[in-house]
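Quantities reported herein were computed from a predicted structural model and do not represent experimental measurements.
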Amino acid sequence: MRFPLVGGESYYRGLKLALGVGPRWSSGGTEKGVRVRFAPSPTGYLHLGGLRTALYNYLFAKKHGGTFILRLEDTDRSRLVAGAAQSIEDMLEWAGIPPDESPRRGGPCAPYEQSRRLDLYHAAAKTMLDSGAAYRCFCTSQRLDLLKKEALRSRQTPRYDNRCRHLSSKQVQDKLSQGTPFVVRFRLLEGPQPFQDLVYGWTRHDVASVEGDPVILKGDGFPTYHLANVVDDYHMGVSHVLRGTEWLISTPKHLLLYQALGWQPPQFAHLPLLLNKDGSKLSKRQGDIFIQHYIDNGYLSDALLDLITNCGSGFTAENQMGRTMETLIQQYDLGKTSTHSALLDLDKLPEFNRIHLTKKIDNTDTRFQLVKQLKTLLKDAYKDLVLDEQYIERILLLRKHGPSVAEMLLSLGSEESIIRLQNALTE
């Protein structure tokens with residue numbers, strides 16, 4: 001990487017403005033309108049927490065006639081999981097919340113993988129280096145490790161001491177001429193930066209008092225999350241950022257980046273955590289956290305979405321069961337989202353599944369689809385078995401009040417066929 005030398009301190013004159021006041025819309029590259037994004041990292045497969053975040057973005061977009069974007073934040077190259085990127089989009093389509101723009105579908109802001117957008121991040125870094133809002137840091141990993149160990153020894157929070165912030169232009173030039181490796185850091189502005197969150201209200205956090213200047217461009221030329229999400233949200237015209245509350249404390253940092261780049265920020269809404277029913281955090285070590293688990297066990301996507309929205313807030317009517325996607329869109333109201341964590345009781349999922357399966361059987365169109373699926377699967381499993389569609393339909397109607405798909409299909413074949421039929425009903 002080669003960037004111009006660090007500029008003067010003019011960036012700081014007049015920079016202390018309140019951030020995030022009133023309605024704000026991104027102005028990068030697309031016409032104004034509601035545009036939201038779900039931006040997972042393909043370092044793993046889609047889990048319940050990610051599905052909930054994607055769902056709330058989808059509901060908000062459809063409620064306001066907007067656009068739902070899937071963007072893959074794949075800049076952490078060392079942790080990428082093979083097949084995860086494709087699987088994430090597959091899971092969204094299975095759940096009935098397909099993106100309008102994505103790596104697979106394309107769109108006006110393609111590409112939708114951050115690893116293919118490096119020129120945009122380099123251009124933003126250059127802009128901030130020129131203005132003095134960013135600087136090159138030549139500190140070695142050994143020095144940074146020593147800083148961390150010393151802080152921990154003193155029972156303090158590890159943080160960068162901003163040493164390279166004070167290098168002169170000549171010192172920077174000398175290190176560059178020697179080929180010294182560097183990263184690019186963003187100069188944090190001291191003092192609390194207030195902003196208005198659509199869920200948590202007015203929030204203020206003096207990020208510079210607890211953190212050192214953050215790295216925004218790594219030595220390998222890839223951006224960190226802080227720079228990449230700001231640059232991409234701007235260029236993709238994102239109007240609202242709905243994400244987990246764990247990012248609330250980082251938002252002042254992101255708003256400072258918007259201001260340093262001279263861009264209008266989107267509005268932010270941070271969603272409360274989704275927890276287990278006992279209040280513990282969802283863990284990837286749980287076997288039932290990944291969406292594939294529910295597909296493999298024959299659960300309907302409508303039932304899963306109904307459950308994870310039933311346990312939280314953000315709807316005009318609460319504690320309802322059997323809500324369809326159309327109902328969820330109609331009832332969704334971001335302003336009714338509370339700051340309390342949502343407690344997820346997965347023991348209730350079989351009952352939700354029974355309710356949604358019954359609704360599908362009661363509906364003539366969806367029942368016809370189920371009959372067709374069952375007939376095909378039975379033919380595949382039992383070559384000599386002949387069952388007409390009317391008989392299969394009678395079985396569905398007779399057993400529709402059973403607690404599970406497996407029990408309902410008990411009359412139709414062996415355990416193996418039941419498992420296959422369970423899975424098929426969710427496709």
Side-chain angles (χ1 to χ4, degrees), residues 1-15 17 19 24-32 35 37 39 41 69-77 101-103 106-138 164-165 167 169 172-173 175-177 179-189 213-239 241 250-266:
M1 294 185 299
R2 288 294 180 266
F3 297 100
L5 298 181
V6 174
E9 299 294 322
S10 60
Y11 160 71
Y12 289 99
R13 298 191 186 108
L15 188 59
L17 301 174
L19 301 176
R24 298 203 171 189
W25 303 82
S26 289
S27 56
T30 61
E31 294 181 1
K32 291 182 179 179
R35 290 176 60 82
R37 47 71 165 180
S41 174
I69 303 166
L70 171 64
R71 185 177 73 221
L72 297 177
E73 301 193 341
D74 60 347
T75 57
D76 191 349
R77 309 302 291 176
E101 301 173 21
S102 70
C109 300
Y112 292 90
E113 304 97 330
Q114 288 186 337
S115 60
R116 299 174 60 197
R117 302 171 63 85
L118 297 184
D119 288 348
L120 292 173
Y121 313 133
H122 292 173
K126 179 181 181 301
T127 296
M128 290 187 284
L129 284 169
D130 288 346
S131 69
Y135 61 91
R136 295 175 180 83
C137 173
F138 300 92
C164 290
R165 175 196 277 223
L167 295 177
S169 296
V172 171
Q173 183 58 57
K175 290 184 177 295
L176 289 175
S177 63
T180 306
F182 66 89
V183 299
V184 177
R185 291 183 182 269
F186 178 63
R187 294 176 185 249
L188 291 176
L189 184 66
D213 292 336
V215 174
I216 56 174
L217 202 62
K218 297 178 288 186
D220 60 3
F222 280 83
T224 61
Y225 171 82
H226 304 298
L227 177 63
N229 93 90
V230 166
V231 171
D232 286 337
D233 285 348
Y234 171 75
H235 284 288
M236 292 184 177
V238 171
S239 63
V241 173
S250 295
T251 304
K253 188 185 309 180
H254 300 159
L255 288 169
L256 285 172
L257 282 164
Y258 275 105
Q259 188 153 336
L261 291 164
W263 297 342
Q264 191 86 334

>> Run His254 and Tyr225 through ring pair (Phe, Tyr, Trp, His ring centres under 6.0 Å) and show every step you take.
In response: CA-CA 10 Å; His254 300 159; Tyr225 171 82; 5.7 Å; yes
> Which pairs count as salt bridge (Lys or Arg N to Asp or Glu O under 4.0 Å) when at least one residue sits in residues 256-265, sequence neighbours excluded?
Replying inline: none
Can you confirm whether [X] sits close enough to [Y] that some side-chain heavy atom of one is under 4.5 Å from a side-chain heavy atom of the other?
X	Y	value
Pro223	Leu118	yes
Phe186	Leu256	yes
Asp232	Arg37	no
Glu101	Arg35	yes

>> Leu176 vs Phe182, test: side chain to side chain contact (heavy atoms under 4.5 Å, CB included). Steps then yes/no.
In response: CA-CA 9 Å; Leu176 289 175; Phe182 66 89; 3.7 Å; yes
So, using side chain to side chain contact (heavy atoms under 4.5 Å, CB included) as the criterion, who are the partners of [X] when residues are at least two apart?
X	answer
Pro181	none
Thr180	Phe138, Lys175, Gln178
Thr224	Val215, Ile216, Lys218, His226

> Can you list the residues that meet the side chain to side chain donor-acceptor pair (under 3.5 Å) rule with Arg71, with sequence neighbours excluded?
Replying inline: Glu73, Asp233
> Asn229: what forms a side chain to side chain donor-acceptor pair (under 3.5 Å) with it, not counting sequence neighbours?
Replying inline: none
For the student: nearest non-hydrogen atoms of [X] and [Y], plus distance:
X	Y	result
Leu188	Pro214	CG-CD, 3.6 Å
Pro103	Leu72	CG-CD1, 3.8 Å
Trp263	Val230	CZ3-O, 4.1 Å
Val241	Pro266	CG2-CG, 3.7 Å
Leu261	Ala124	CD2-O, 3.7 Å

May I ask you to decide if [Y]'s main-chain N or O and [X]'s side chain share a donor-acceptor pair within less than 3.5 Å?
X	Y	result
Tyr112	Cys109	yes
Arg136	Val172	no
Arg117	Pro111	yes
Asp213	Arg187	no

> Which distance, rounded to the nearest 0.5 Å, do you find between the CZ of Phe222 and the CG of Asp74?
Replying inline: 7.5 Å
> In Å and rounded to the nearest 0.5 Å, what is the CG to CZ distance from Leu129 to Arg185?
Replying inline: 13.0 Å
>> So that I know where these two stand, are His235 and Tyr121 an aromatic pair - ring centroids less than 6.0 Å apart?
In response: no
